[in-house]
Amino acid sequence: MEYHSWIYTKEQQVRTIPFWLFELRRYNTVPRQYNRKQLSDHLLQKLKAKHPGIELLSHDRLQCTLQILHKFDITTEDICSYINNVHVFTMNPITMDNYGEILKECGFITIHPGHIIKYHTLVRNRTIARIKKEGLVREDSNLEELIFSHFKDWPSCHKRLEYFPDLTTCILTIRMSVLQKYLTWRLSVTPEDFNKYCRNYLPLKHKPMSDIQESLDIALNDIKFDVSSIKRNGFIISSDPVNTKLIVENVHTVAGYDIREAIKIEPAILKNNYNALLQIRDILEEYRIPLEAQRRCLKVYCMRPDTVKDRLDELRNLKEYQILKTNPRVLSMVVHKRKMMNRLEKMQAAKKQCYSLNHLVSSSKVFNNYISNFGNKVCGRDLAILITSSLVVNKNLAEHELVKQVHAHLKRHKFWLHCALNVIDENIQYLKNSFNDDVILDNCLLLLYPLAEVEQYINIFQQKRAGRETGNSDTKLDSNYNNLVLAQLSDSQILSLVLYEIEKKYHFSGDGIWARQDGVRVDSINV
């Protein structure tokens, strides 16, 4: 198993550290009268006391660590000869590999486990002179020239030595100086840009130069990022080239996009593990999240698979999610779940009924304005999307054109933005029982009104069309309907008459949508 493809999950934390690690030949530091079992118990108790978490390590994790250490000629015996060396097993494998590669690039003659464990002390706090005195690197070596030599694609004429004094300079200072010059040459990075990268993307300071070169080669030549995109997303420079290769080779498409195109749209995908991307794709397919919704929110592929699944499980029992699940931006509810739930509580406390997806996931400024302003208003586009996505219509129109058409139709009502989405959804579900989707869409203004009013008049007109008496209903139609042949009314005409009857009571002011909302009647206002 290769270390870069290893994923440390809770399921893998089930086996304790194997005794084969301790069943080694005796060392000079252990009395010879100890037999193998005594040696194992003796070391194991000391290890448990010093590194309590070591018992949780899986067999695969240990194998992964050993494979990396063998790259630097560190044997299992080297590790177990000194109990503090066992700390390497608790380190992140990729981090440990990076530290070893950096020490190798800096010319360390021999790399011991202790060097990797004390990496930060060696590169930050020790001067070059002291490192040479301790025999870790050659006395006659020039660290700056050595680091320059690792950049094969960098013309010598652009390499300018600073001649740092060994007595006052540490490894990190020289590495950062060379790296800044390289990025300036290759990407035209400014000093301000470089300082921002070092501040915001901490792995950059402790990334091997070979990895940085390879990451840039893949980004520019394979994924085809332009230089400005890389400069805007500095984490691309410090991304793991092995993981990037695995993503490109194994994850061919996400959200219907070629993986390279998806990465260009959402570069943060590179921060995720390739196997996690495959799992997320399967989860979204399992929950029947359409490709269009995935394309609108590629950030979901930057999350942990377990988090995506858990949030989808929780959200599908939420009535707001049920209403908004057909919205192309529905995955933003998954990405911003905590913020969304917090905002729902604030809206309920403020007695705001007209929520929309835009309010739930928008910027704090937009949401705070909504909460502090008087009255209820929904996002018009979310309202139009709910209607068009809930109705299957046979129209020769693209989806976005249909949304625009419904949007324009709804705007004819001056209070259309003051209708809660749940009212729209309830009306749609009720009307679909008796009317086809085309008819409902043609009379979509009726969806803005309270269900009780809509249901009452529909029952009256349907009974009259069938030639039945309306019974003891308190609602009576005026005598003008005596001149109509009610039996010949079409479905579309019935819905039009229902709308007419509802608004007639309010003198066609548009106030009908306010009726029966928590028992509150709101006077006409100008919108």
Side-chain angles (χ1 to χ4, degrees), residues 2-4 27 29 62 64-154 159 161-182 198 202-215 237-238 240-242:
E2 297 185 9
Y3 77 92
H4 51 252
Y27 301 103
T29 54
L62 290 166
C64 172
T65 298
L66 288 171
Q67 187 177 12
I68 294 170
L69 294 173
H70 290 164
K71 286 175 53 182
F72 308 113
D73 297 322
I74 298 172
T75 65
T76 308
E77 290 84 353
D78 293 334
I79 302 167
C80 292
S81 63
Y82 181 53
I83 195 167
N84 285 342
N85 289 347
V86 181
H87 178 69
V88 294
F89 288 110
T90 66
M91 297 176 67
N92 179 285
I94 295 177
T95 300
M96 181 180 62
D97 187 33
N98 287 340
Y99 291 172
E101 288 292 342
I102 289 171
L103 297 179
K104 189 175 178 181
E105 287 179 349
C106 291
F108 271 59
I109 298 170
T110 305
I111 298 175
H112 297 296
H115 296 154
I116 294 176
I117 294 168
K118 295 182 178 180
Y119 162 83
H120 285 283
T121 300
L122 290 173
V123 302
R124 290 174 182 269
N125 302 329
R126 300 274 176 88
T127 63
I128 304 299
R130 181 174 174 182
I131 289 173
K132 287 182 176 180
K133 185 177 180 180
E134 292 175 356
L136 301 180
V137 299
R138 291 164 52 96
E139 187 70 35
D140 60 348
S141 65
N142 184 310
L143 181 59
E144 192 176 13
E145 289 181 348
L146 186 60
I147 296 174
F148 268 124
S149 69
H150 291 294
F151 294 95
K152 305 299 182 184
D153 61 336
W154 195 1
K159 297 177 180 178
L161 293 172
E162 295 288 343
Y163 300 102
F164 293 98
D166 287 354
L167 286 172
T168 58
T169 310
C170 66
I171 289 175
L172 186 61
T173 299
I174 297 177
R175 289 189 76 251
M176 290 301 97
S177 173
V178 174
L179 179 58
Q180 183 176 358
K181 290 184 177 68
Y182 176 72
C198 292
L202 298 179
L204 183 63
K205 288 186 176 182
H206 308 291
K207 203 77 174 174
M209 298 302 185
S210 57
D211 280 7
I212 291 172
Q213 290 180 83
E214 191 172 4
S215 293
I237 302 169
S238 58
D240 181 9
V242 175

Student: Can you tell me how far apart CZ (Phe164) and OG1 (Thr127) are? Round to the nearest 0.5 Å.
Tutor: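 Atom-to-atom, Phe164:CZ and Thr127:OG1 are 14.5 Å apart.
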
Student: Which value, rounded to the nearest 0.5 Å, describes the distance between His87 atom NE2 and Lys118 atom NZ?
Tutor: 11.0 Å

Student: Could you tell me which non-hydrogen atom of Leu122 sits nearest to which non-hydrogen atom of His115, and how far apart they are?
Tutor: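 The pair with the smallest heavy-atom distance is CD1-O, 3.6 Å.
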
Student: Should the pair Tyr119 and Tyr99 be assigned to parallel (<30°), tilted (30 to 60°) or perpendicular (>60°) ring geometry?
Tutor: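 Parallel.
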
Student: Which residue is it: Lys133, Lys132, Arg130? I am looking for the one with a side chain to side chain donor-acceptor pair (under 3.5 Å) to Asp166.
Tutor: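 Exactly one option meets the side chain to side chain donor-acceptor pair (under 3.5 Å) with Asp166, and it is Lys132.
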
Student: Hey, does the side chain of Asn85 reach the backbone of Asp78 with a donor-acceptor pair shorter than 3.5 angstrom?
Tutor: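 Here the side-chain-to-backbone pair exists.
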
Student: List the atom of Ile102, the atom of Lys207, and the distance in Å for their closest heavy-atom pair.
Tutor: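 So the two residues come closest at CD1-N, 3.8 Å.
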
Student: Can you list the residues that meet the side chain to side chain donor-acceptor pair (under 3.5 Å) rule with Lys181, with sequence neighbours excluded?
Tutor: Glu162, Ser177

Student: Quick one: are Arg124 and Cys170 in side-chain contact, heavy atoms under 4.5 Å?
Tutor: no

Student: Which one of Thr75, Thr76, Val88 satisfies the side chain to side chain contact (heavy atoms under 4.5 Å, CB included) criterion with Leu66?
Tutor: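 Of the listed residues Thr75, Thr76, Val88, the side chain to side chain contact (heavy atoms under 4.5 Å, CB included) partner of Leu66 is Thr76.
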
Student: Ignoring hydrogens and angles, tell me if any N or O in the side chain of Arg175 forms a donor-acceptor pair with the backbone of His206 under 3.5 Å.
Tutor: no

Student: Which heavy atom of His112 sits nearest to which heavy atom of Ile74, and what is that distance?
Tutor: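 Heavy-atom minimum between the residues: C-CD1, 3.9 Å.
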
Student: For the CD1 atom of Ile171 and the CG atom of Leu103, what is their distance to the nearest 0.5 Å?
Tutor: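 Reported value, rounded in 0.5 Å steps: 6.5 Å.
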
Student: I'd like to check Lys205 versus Val123 (side-chain heavy atoms, cut-off strictly below 4.5 Å). Are they in contact?
Tutor: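 No, every pair of side-chain atoms sits at 4.5 Å or beyond.
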
Student: Kindly determine whether Leu143 and Thr169 satisfy side-chain contact (heavy atoms from CB on, under 4.5 Å), including the steps that lead there.
Tutor: CA-CA 10 Å; Leu143 181 59; Thr169 310; over 6 Å; no

Student: Over 60° means perpendicular and under 30° means parallel, so classify the ring planes of Phe151 and Trp154, tilted if in between.
Tutor: perpendicular

Student: Using 0.5 Å steps for rounding, measure from the CG atom of Leu204 to the CG atom of Leu179.
Tutor: 5.5 Å

Student: Can you tell me how far apart CD1 (Ile68) and CG (Asp97) are? Round to the nearest 0.5 Å.
Tutor: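 With rounding to 0.5 Å, CD1 (Ile68) is 5.0 Å from CG (Asp97).
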
Student: Does anything in residues 135-147 form a side-chain hydrogen bond (donor to acceptor under 3.5 Å, both in side chains)? List the pairs, not counting sequence neighbours.
Tutor: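 Residue pairs passing side-chain hydrogen bond (donor to acceptor under 3.5 Å, both in side chains), neighbours aside: Arg138-Asp140.
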
Student: Please answer whether the main-chain N or O of Met209 pairs with a side-chain N or O of Glu105 as donor and acceptor at a distance below 3.5 Å.
Tutor: yes

Student: Could you check Tyr182 against Asp153 for side-chain contact (heavy atoms from CB on, under 4.5 Å), going step by step and ending with a plain yes or no?
Tutor: CA-CA 10 Å; Tyr182 176 72; Asp153 61 336; 3.1 Å; yes

Student: Any heavy-atom pair between the side chains of Glu134 and Arg126 that's under 4.5 Å?
Tutor: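 In contact.
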
Student: For Ile147, does its backbone N or O pair with a side-chain atom of His150 as donor and acceptor, under 3.5 Å?
Tutor: no

Student: Check Ala129 against Leu167 and note the closest heavy-atom contact, atom names and distance.
Tutor: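 Scanning both residues completely, I find the closest heavy atoms to be CB-CD2, 3.8 Å.
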
Student: Give, for atom CD1 of Ile94 and atom CG of Asp240, the distance between the pair rounded to the nearest 0.5 Å.
Tutor: 5.0 Å

Student: For Asp211, which of Pro241, Ser238, Pro203 qualifies under side chain to side chain contact (heavy atoms under 4.5 Å, CB included)?
Tutor: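 For Asp211, the side chain to side chain contact (heavy atoms under 4.5 Å, CB included) test succeeds with only one of Pro241, Ser238, Pro203, which is Pro241.
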
